[in-house]
Protein chains: 2
Amino acid sequence: MKMTPAVEKYVLHWGEMGTRWGTNRTVAQIQALLYLSPEPLRADQIVDLLSVARSNVSTSIRELQSYRLVRMTHVLGDRRDYFESLHDVWELFRVIIEQRKQRELNPTLSMLRDCAAEIDQEKDTDPLTKTRVANMLQFVETTSHWYEEINDIPTSTLTKLMKLGKRITKLVK
Amino acid sequence: MKMTPAVEKYVLHWGEMGTRWGTNRTVAQIQALLYLSPEPLRADQIVDLLSVARSNVSTSIRELQSYRLVRMTHVLGDRRDYFESLHDVWELFRVIIEQRKQRELNPTLSMLRDCAAEIDQEKDTDPLTKTRVANMLQFVETTSHWYEEINDIPTSTLTKLMKLGKRITKLVK
DNA sequence: CTCTTGTTTCAGTTATGACTGAAATTATAG
DNA sequence: CTATAATTTCAGTCATAACTGAAACAAGAG
């Protein structure tokens, strides 16, 4: 793996975006690097390529492994750990969506359920407010359910669906 | 508007989630409050209800207005500004998706275009790396385009589509 | 015009979370 | 079992961004 100007630009951008996507810079940079790298990389190589602390790489790789975005491999006769990223962009997407659902949707869903149950008991709450909570709950439930279903669809079908775009509406009629 | 326990729980949760959704706590809390409120609220009412600084409310409302999530209204014979949120959850969703596209997808799209053009010139970059950049670019382009198309679909059609879930694949065949 | 009421700006403070580097831990080879 | 090499943990530092409150600014009423 060589840090050419284009690769560097990609990695740095991914790092900046990472903060908007719910992780930190280093995690996103490492993911980008491993995605682009033609061969698996060792932690110490990542340290050199990104100029970050060894410990930071260690923690970040753990996080990426926990997301199932990165896995460990080995080379015969070498006891050091090598790491590689998923390379299928659709798989990457799927995994990221799944993560987001768990961190952004699921907690809200359970809050809304509690809230909806609780608010019905409240006599001093405006009926409009009650329906608003109910509406939001229903929306998040629908979205959450939809996510799960989409996850099951194979990549090839998914690409076809997306290419259809809004022409999909014609099929529904 | 009254701060009952259930409303408070909703607002606090929304605030916490806000940080994961790309804004800050106060912005998200105010949006939640206005969403739930049966009537439009004034800035000073929000200050009391949320116990935050007047200036913070002012800045946050500006942000919400710039996202088109909140709009200003007035009461006859009262020169103070009142604010109300969008109340249609699907509309809210649409606006938020649009914001996210602009902040998370568009910058990446232009970076990838630059990168893809630049990396072709590099003689010392592995072909595998080059195809990876190309694949990611294509993916982000497809997603971005899909977003735009989905935005045009009316709410009623969209709900029908989502309720179909993965049965949609049967239609495609 | 000036008083009152409401709004915004901005410098300083505070809170949050990422990052470092030294020390502790784990694992393998001999 | 000991020496060596690699990895992880964690306390402390640093960077970022939200929040406050005082002061400046607007706009309508009389």
Side-chain angles (χ1 to χ4, degrees), chain A residues 11-34 40-67 70-84 99 103-104, chain B residues 11-34 40-67 70-84 99 103-104:
Chain A
V11 169
L12 288 176
H13 177 89
W14 219 252
E16 277 168 36
M17 281 298 154
T19 59
R20 300 191 184 178
W21 297 336
T23 36
N24 64 52
R25 190 152 29 101
T26 311
V27 168
Q29 282 183 355
I30 292 177
Q31 198 284 317
L33 196 63
L34 292 175
L41 297 175
R42 297 190 308 269
D44 64 286
Q45 293 178 300
I46 297 172
V47 167
D48 291 342
L49 287 163
L50 298 182
S51 310
V52 289
R54 185 53 237 270
S55 54
N56 196 4
V57 171
S58 180
T59 319
S60 302
I61 285 178
R62 263 174 158 254
E63 196 171 328
L64 285 166
Q65 283 178 306
S66 82
Y67 297 163
V70 160
R71 63 189 202 88
M72 201 190 290
T73 59
H74 288 98
V75 169
L76 218 74
D78 185 346
R79 61 191 173 93
R80 290 170 299 183
D81 298 338
Y82 285 76
F83 301 94
E84 67 182 1
Q99 295 299 328
R103 284 186 293 171
E104 299 179 4
Chain B
V11 168
L12 288 178
H13 177 90
W14 220 250
E16 276 168 38
M17 282 298 154
T19 59
R20 298 191 186 182
W21 297 337
T23 35
N24 62 53
R25 189 155 27 103
T26 312
V27 168
Q29 282 183 355
I30 292 177
Q31 199 284 317
L33 195 64
L34 291 175
L41 298 176
R42 296 189 309 269
D44 64 284
Q45 293 178 301
I46 297 172
V47 167
D48 291 343
L49 288 163
L50 298 182
S51 309
V52 288
R54 183 54 237 268
S55 54
N56 196 3
V57 171
S58 180
T59 319
S60 301
I61 285 178
R62 263 174 156 253
E63 196 171 327
L64 286 166
Q65 283 178 305
S66 81
Y67 298 162
V70 161
R71 64 189 200 89
M72 200 190 290
T73 58
H74 288 99
V75 170
L76 218 74
D78 186 345
R79 62 191 173 91
R80 291 169 300 183
D81 298 337
Y82 286 75
F83 300 95
E84 67 181 2
Q99 295 299 327
R103 283 185 293 170
E104 299 179 4

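Just so you know, these numbers use all the heavy atoms, side chains as well, and skip hydrogens, waters and symmetry mates. Letters go in sequence order (proteins before strands), and every chain restarts at 1.
Distance CG (A/N56) to P (C/dG17): 16 Å, rounded to an integer number of Å.
A 4.0 Å heavy-atom criterion places the boundary nucleotides of DNA chain D facing chain B at D/dA18 to D/dG28, written 5' to 3'.
Separating the CD atom in A/Q99 from the CZ atom in A/R103 is a distance of 6.0 Å, to the nearest 0.5 Å. Put simply, CE on B/M17 and CD on B/Q29 are 13.0 Å apart, with the number rounded to the nearest 0.5 Å. Between the OG1 atom in B/T19 and the CZ atom in B/R25 there is a gap of 8.5 Å [rounded to 0.5 Å].
In this structure, B/R42 reaches neither bases nor backbone, as no heavy-atom distance under 4.0 Å exists between it and the strands shown.
Taking both residues in full, the closest heavy atoms of B/G18 and B/A28 are given as CA-CB, 3.7 Å, listed atom of the first, atom of the second, then distance. The two residues B/T23 and B/V27 make their nearest non-hydrogen contact at CG2-CG1, 3.8 Å.
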For nucleotides 23-30 of chain C, print each protein N/O atom paired with a nucleotide N/O atom at under 3.5 Å, atom names and distance only.
none

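Here B/E63 pairs with B/Y67 under the side-chain hydrogen bond (donor to acceptor under 3.5 Å, both in side chains) rule; sequence neighbours left out. In this structure B/R62 satisfies the side chain to side chain contact (heavy atoms under 4.5 Å, CB included) test with no other residue, sequence neighbours excluded. Under the salt bridge (Lys or Arg N to Asp or Glu O under 4.0 Å) criterion, B/E84 pairs with B/R71, sequence neighbours left out. Here B/Q31 pairs with B/W14, B/S85 under the side-chain hydrogen bond (donor to acceptor under 3.5 Å, both in side chains) rule; sequence neighbours left out.
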For residues 46-60 of chain B, dump all side-chain donor-acceptor pairs below 3.5 Å to protein atoms at least two apart in sequence or in another chain.
unit_1	atom_1	unit_2	atom_2	d
B/N56	ND2	B/T26	OG1	3.1
B/T59	OG1	B/S55	O	2.8
B/S60	OG	B/N56	O	2.8

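Heavy-atom distances under 4.0 Å link DNA chain C to A/V52, A/A53, A/S55 of residues 43-55 of chain A, given in residue order. Looking at residues 24-34 of chain B, you'll see B/N24, B/R25, B/T26 sit with a heavy atom under 4.0 Å from some atom of DNA chain D.
Note on residues 72-83 of chain A: pairs passing side chain to side chain donor-acceptor pair (under 3.5 Å), not counting sequence neighbours, are A/R42-A/Y82, A/H74-A/D81, A/D78-A/R80, A/D78-A/Y82.
When the options B/L64, B/L41, B/L34 are evaluated for a side-chain contact (heavy atoms from CB on, under 4.5 Å) with B/F83, the one that passes is B/L34.
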